[in-house]
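Index from 1, following the sequence.
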Amino acid sequence: MKSLLKNLGLLLIIIAAVILIAIFFTGSAAINDNSVLGGTILLMVVGLILHIVLNKKFDE
């Protein structure tokens, strides 16, 4: 469980990237939707912050 929590930020970043890649390759109209793009960038930023904070916490 500690390993999963330590990698939670990285998983969020990967999920956001997969969402963007899937939207691009399916040719969906959601690629022009600002809420989808904003949601994925928010997911990436939260994932990055979590990755930094949790890795500092578990390294101590």
Which pairs of donor and acceptor atoms, one on a side chain in residues 38-53, lie under 3.5 Å apart (sequence neighbours left out)?
from	atom 1	to	atom 2	distance (Å)
Thr40	OG1	Val36	O	3.2
Thr40	OG1	Leu37	O	2.9
His51	ND1	Asn55	ND2	3.3
His51	NE2	Asn55	ND2	3.1

Using residues 13-28 as the side-chain source, report each donor-acceptor pair under 3.5 Å to any protein atom, sequence neighbours left out, with the distance given to one decimal.
from	atom 1	to	atom 2	distance (Å)
Thr26	OG1	Ala22	O	2.9
Thr26	OG1	Ile23	O	3.2
Ser28	OG	Ala30	N	3.1

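Asp33 meets the side chain to side chain donor-acceptor pair (under 3.5 Å) test with Ser35; sequence neighbours excluded.
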